[in-house]
Amino acid sequence: MTTISANLQAVLARISEAARNCGRSPDEIRLLAVSKTWPVSCVLEAVRAGQKAFGENYVQEGVNKVREAAMPNLEWHFIGPLQSNKTRSVAETFQWVHSVDRIKIAERLSQQRPDCLPPLQVCLQVNISKENTKSGMSVEEVAALARQVAHLPRLTLRGLMTIPAPSSGFEQQLLPFRRLRELFEQLNREGLALDTLSMGMSNDIEAAIAEGATLVRVGTAIFGERN
Ligand SMILES: *Cc1c(COP(=O)(O)O)cnc(C)c1O
């Protein structure tokens, strides 16, 4: 077994155990393999080990990798900061975007999504820990943007994403994920049909799953430390 394949199995085992520990089915939680900075050979190794969904942070790197991998059944998620001059490549290349944080970006993605492709699946990125340095909108802004995005014709609003400030200790890690889940539940009570809570990375998937994550984004624990 290669390292990537062994790491993938270990991450899937962590997901299953975390789900069982809180009475959830592991089938409710999808694993996104974050392949940013890693060459396409690593992606293909993960594909051979059964992984299908990959996350990329940088537009040009992601677009190149999608093209090089040239595999029809993979699912590519854009999860990095997105500037308006780069939306077209993203709209033409990826199936999902997790990092929508303003209406201008959402409108451009919708306008630029090619008609021959299904609608782009999007999550709104929420800055739950209120760090000025992290992208994402404030909790107060989410409901209004969600309603606007839900009306854009070429986007399907799927849910919310967050990258909390790093913290250690399970109890501490739960707090931002709990706030995102509460926000998600509130939006659904208000009539939005969201099904995706994109939260949890290598160091905190257990806490994210305990608070309802439906998709965890894992890089380091699969591919190794990035330079
Ligand atoms: C890099 C990155 C990840 C993966 O982080 P790891 O700690 O390597 O698992 C997840 N989500 C986003 C948005 C990232 O940029």
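Nothing fancy with the numbering, it's 1 onward along the sequence. This one's a predicted model, so the numbers in the text were calculated from it and none came from an experiment. Whatever order the structure lists ligands and atoms in, that order sets their numbers, starting from 1.
- Each of V149, L152, L155 was scored for a side chain to side chain contact (heavy atoms under 4.5 Å, CB included) with L109, with one residue passing: L155.
- Across S202 and T220, no two heavy atoms sit closer than the pair OG-N, 3.4 Å.
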Please list, one pair per line, the donor and acceptor atoms closer than 3.5 Å that link side chains of residues 35-44 to other protein atoms, with sequence neighbours excluded.
unit_1	atom_1	unit_2	atom_2	d
S35	OG	E56	OE2	2.7

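- Contacts of ligand 1 (protein heavy-atom distance under 4.0 Å) are V34, K36, N57, I79, M161, I163, M201, S202, R217, V218, G219, T220, R226.
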May I have the step-by-step check of side chain to side chain donor-acceptor pair (under 3.5 Å) for E28 and S25, ending in yes or no?
-> CA-CA 6 Å; E28 294 171 23; S25 162; 5.0 Å; no
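- A salt bridge is defined here as a Lys NZ or Arg NE, NH1 or NH2 lying under 4.0 Å from an Asp or Glu carboxylate O, and E75 with K52 fails to meet this definition.
- A centroid separation of 6.0 Å or more is found between the aromatic rings of F94 and W76.
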